[in-house]
Amino acid sequence: MLKVAVAGASGYAGGEALRWLLAHPEVEIGAVTAGGNAGTTLGTIHPHLRSLADRVLLETTPDTLSGHDVVILALPHGHSASVSSVLAADAVVIDCGADFRLRSESAWTTFYDTAYAGSWAYGLPELPLAGGGRGRDDLAGTRRIAVPGCYPTAVSLALAPGLAAGVVEGDDVVVVAASGTSGAGKALKPHLLASEVMGSMSPYGVGGTHRHTPEIEQNLEAAAGAPVRVSFTPTLAPMPRGILATCTARVVPGTSAADVREAWRAAYADEAFVHLLEPGTWPATAHVVGSNHVVVQVVLDERAGRVVAVAAVDNLAKGTAGAAVQCLNLAVGLPESTGLLGSGVAP
Ligand SMILES: NC(=O)C1=CN([C@@H]2O[C@H](COP(=O)(O)OP(=O)(O)OC[C@H]3O[C@@H](n4cnc5c(N)ncnc54)[C@H](OP(=O)(O)O)[C@@H]3O)[C@@H](O)[C@H]2O)C=CC1
Ligand SMILES: CC(=O)N[C@@H](CCC(=O)OP(=O)(O)O)C(=O)O
C-alpha cells in the first residue's frame, strides 16, 4: 500500500483528492493537513467524507508531511516550493497549485505575483504532442509533478488534436470557458456570494489577463510544435462544479470536415478518460460532474473556416484531484486509471 498525505485537505481540491484516494485500492491515507483549520476534524469540514470524519487536521509542516510515499499539495499558490523542498527526494510530490506549471519564467512573472519556482513534469497524460508523443511520456517514474489548471485541462484537450495533426492554425485561437464556483476555492470572496452568482453569468480576467492564458499557450504549443496565440475569456457560471470550454481556431486551408473528425478521433481512440462524442451530440458539464472523464466534440464551421471544439470537465476531478491521482498512478507504475473509472452523478 502507498501511504499518501494530503496538504490543504480542508480545501475543495484537498477534499476531492481524499474522495478519490478513498476509492483507490492501493492507497492508505496518511497525514491530512490544513492552514487555519488545523486542529479540527475532517468531519466538520467535509461531512461527505464519512469514513474520515474523525481524522484531525494537522498543521502543514515538514514533520507532518514526511514519511509518506506520496504527498499531494492542494495549497494556495506560492506555498508549494517551500513545502516540497524539505520533502525526501524519493517521495512523489504532486502539486495541484500553479507553482511549477510554467516552463517560461517570463510568462510566470507576467501573470503571477510570487517568485518563479521553476517547473516540474506537467501532469496532462492525454495531451497529444507534436511528433506523436503524449503528455504521459514524461510522467512514468517521475517524483515531482505539476497538475494542470482546470481551464488549461479543458481547453488543451479540446484543441490539441487539431494542432498536433496539423489541421488547425495556432495564431488565432479564441476560447470562452465557463466555470463553476468551486474553481475559486473555499475561502470567502464577495463576488462568490450566492446572491451574486445565482441566476447570473459574468466574465472575469478579460482581455488576455487571466493567469491560465500562458499555461494554455504552453500546452497548445507543445501540441503544435510552433508558437500559438490564444485569446482566453473565463466566465463564472451559477453551478458548484464543472467547466465548459468553447474553443475556435482557423483550419489549415483545404482541410475537410472528415479530416477534422479523424484528427480528434485518432487522438482519443485509446484514452480511458477523454471521449470524442458521436457527431451531433455536445458536451455538457452534467455529463462529467463527479467523474474523471472529459467529453469533447468538434465540428468544422465551413463558412467561418474555423473548427469549433468544446470540452466539459469537472474542475475538481479531471481538472485537479482526479488528475492528481492519475499522475500518482503513472509516477508509481500502477495502471493509469486505477481508482478513477467511476461514473459521474446525475441529474
Ligand atoms: N478549486 C479548483 O477547481 C482547483 C484548484 N486548484 C488548485 O488547488 C489548490 C487548492 O485550491 P482549492 O482547494 O480550490 O482552495 P481552497 O481555498 O478551497 O483550499 C486551500 C487549502 O489550503 C490551505 N491553506 C491556506 N493557506 C495555508 C497556509 N498558509 N498554510 C497551510 N495551508 C494553507 C487551506 O487550509 P485552511 O482552510 O484550513 O486555512 C485549505 O486547506 C490551489 O493552488 C488551486 O489553484 C487547481 C485546479 C482546480
Ligand atoms: C472560478 C475560478 O475562480 N477559477 C479559478 C481557476 C481555478 C484553477 O484551476 O486554477 P488554479 O489551480 O490555477 O488555481 C480562477 O479563475 O482563478
Side-chain angles (χ1 to χ4, degrees), residues 5-19 31-42 44-46 56-62 64-65 72-84 94-102 108 111-112 114 117 122-124 146-156 177-189 191-192 196-197 201-206 209-216 232-245 285 289 313-324 327:
V6 176
S10 53
Y12 282 151
E16 180 73 359
L18 289 170
R19 187 175 78 86
V32 288
T33 79
N37 284 300
T40 56
T41 58
L42 261 182
T44 332
I45 310 278
H46 295 306
V56 176
L57 287 155
L58 306 174
E59 284 184 25
T60 304
T61 66
T64 54
L65 294 176
I72 295 179
L73 302 176
L75 302 168
H77 309 316
H79 289 78
S80 303
S82 58
V83 173
S84 59
I94 298 174
D95 186 14
C96 295
D99 300 35
F100 294 101
R101 291 179 193 152
L102 294 185
W108 177 272
F111 286 88
Y112 289 86
T114 54
Y122 189 78
L124 191 52
V147 175
C150 47
Y151 287 118
T153 296
V155 175
S156 306
S179 172
T181 52
S182 64
K186 228 180 157 172
L188 214 54
K189 296 177 186 109
H191 73 285
L192 295 178
E196 304 293 328
V197 175
M201 278 190 68
S202 53
Y204 66 101
V206 184
T209 61
H210 193 279
R211 63 197 168 74
H212 284 171
T213 305
E215 191 182 334
I216 292 168
F232 169 54
T233 307
T235 62
L236 196 59
M239 56 191 186
R241 287 181 185 233
I243 286 187
L244 187 76
T285 56
V289 162
V313 304
D314 181 330
N315 55 294
L316 287 174
K318 181 61 175 166
T320 319
C327 292

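Both counts, for ligands and for their atoms, begin at 1 and track the order of listing. Every heavy atom of this structure was used, including side-chain atoms; hydrogens, water molecules and symmetry mates were not. Along the sequence shown, residues carry numbers from 1.
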Stepwise side chain to side chain donor-acceptor pair (under 3.5 Å) test for Ser80 and Asp95: CA-CA 7 Å; Ser80 303; Asp95 186 14; 2.9 Å; yes
Which residue and heavy atom of the protein sit nearest atom 11 (O) of ligand 1, plus the separation: Ala13 CB, 4.1 Å
N or O contact, Gly149 vs ligand 1, cut-off under 3.5 Å: no
Asn37 neighbourhood, listing ligand 1 atoms whose heavy-atom distance to it stays under 4.0 Å: 36 (P), 37 (O), 38 (O)
Closest heavy-atom pair and its distance - Thr33, Thr60: OG1-OG1, 2.8 Å
Protein contact to atom 33 (C) of ligand 1 [nearest heavy atom, distance to 0.1 Å]: Gly35 CA, 3.7 Å
Proximity of Ser182 to ligand 1 by residue part, where a heavy atom lies under 4.0 Å: backbone
Identity and distance of the protein heavy atom lying nearest atom 16 (P) of ligand 1: Lys186 N, 3.5 Å
Ser182 to ligand 2, any heavy atom closer than 4.0 Å: no
Nearest neighbour in protein (non-hydrogen) for atom 15 (O) of ligand 1: Gly185 CA, 3.7 Å
Atoms in ligand 2 flagged as close to Ala184, the criterion being non-hydrogen separation under 4.0 Å: 1 (C), 2 (C), 3 (O), 4 (N)
Per-atom contacts of ligand 2 with Gly180, taking only distances under 4.0 Å to non-hydrogen atoms: 1 (C)
Nearest non-hydrogen protein atom, atom 45 (O) of ligand 1: His77 CE1, 3.1 Å
Thr285 vs Ile243 side-chain heavy atoms within contact, under 4.5 Å: no
Whether Cys96 lies under 4.0 Å from ligand 2, heavy atom: yes
Arg101 heavy atom under 4.0 Å from ligand 1: yes
Heteroatom distance test (Cys150, ligand 2): nitrogen or oxygen, under 3.5 angstrom: yes
Close N or O approach (Pro148, ligand 1; < 3.5 Å): no
Residue part near ligand 2, for Ser179, under 4.0 Å between non-hydrogen atoms: side chain
Separation between CG of Asp99 and CG of Leu75, rounded to the nearest 0.5 Å: 8.5 Å
Sub-4.5 Å side-chain heavy-atom contact between Ser156 and Leu124: yes
Tyr112, any N or O under 3.5 Å of ligand 2 N or O: no
Minimum side-chain heavy-atom gap Val313-Cys150 below 4.5 Å: no
Contact atoms of ligand 2, heavy-atom distance to Tyr151 under 4.0 Å: 16 (O)
Atom indices of ligand 1, in the order listed, that fall short of 4.0 Å to a heavy atom of Gly319: 47 (C), 48 (C)
Sub-6.0 Å ring centroid separation between Tyr204 and His191: no
Proximity to ligand 1 by part of His212, non-hydrogen separation under 4.0 Å: neither
Atom 5 (C) of ligand 1 - nearest protein heavy atom and its distance: Thr320 OG1, 4.0 Å
Part of Leu236 with heavy atoms under 4.0 Å of ligand 2, whether side chain, backbone, both or neither: side chain
Atom indices of ligand 2 within 4.0 angstrom of Tyr204 heavy atoms, with elements: 1 (C), 2 (C), 3 (O), 4 (N), 15 (C), 16 (O)
Atom 39 (O) of ligand 1 [closest protein heavy-atom partner, distance rounded to 0.1 Å]: Gly36 N, 2.8 Å
Side chain to side chain donor-acceptor pair (under 3.5 Å) evaluation trace for Glu215 with Tyr122: CA-CA 10 Å; Glu215 191 182 334; Tyr122 189 78; 2.6 Å; yes
Separation between CZ of Arg211 and CZ of Arg101, rounded to the nearest 0.5 Å: 6.5 Å
Residue selection (non-hydrogen contact nearest atom 11 (P) of ligand 2) among Arg211, Glu215, His210, Lys189: Arg211
Ligand 2 contact on Arg101 by region, counting heavy-atom pairs under 4.0 Å: side chain
Interatomic spacing from NZ in Lys318 to OG1 in Thr320 - rounded to 0.5 Å: 11.0 Å
His212 vs Val155 side-chain heavy atoms within contact, under 4.5 Å: no
Sub-3.5 Å N/O-N/O distance, Gly8 and ligand 1: yes
Within-cut-off N or O pair, Gly183 and ligand 2, under 3.5 Å: yes
Atom 26 (N) of ligand 1 [closest protein heavy-atom partner, distance rounded to 0.1 Å]: Pro76 CG, 3.8 Å
Within reach of ligand 1, part of Asn315 (heavy-atom separation under 4.0 Å): both
For the student: nearest non-hydrogen atoms of Cys96 and Ile72, plus distance: SG-CG2, 4.0 Å
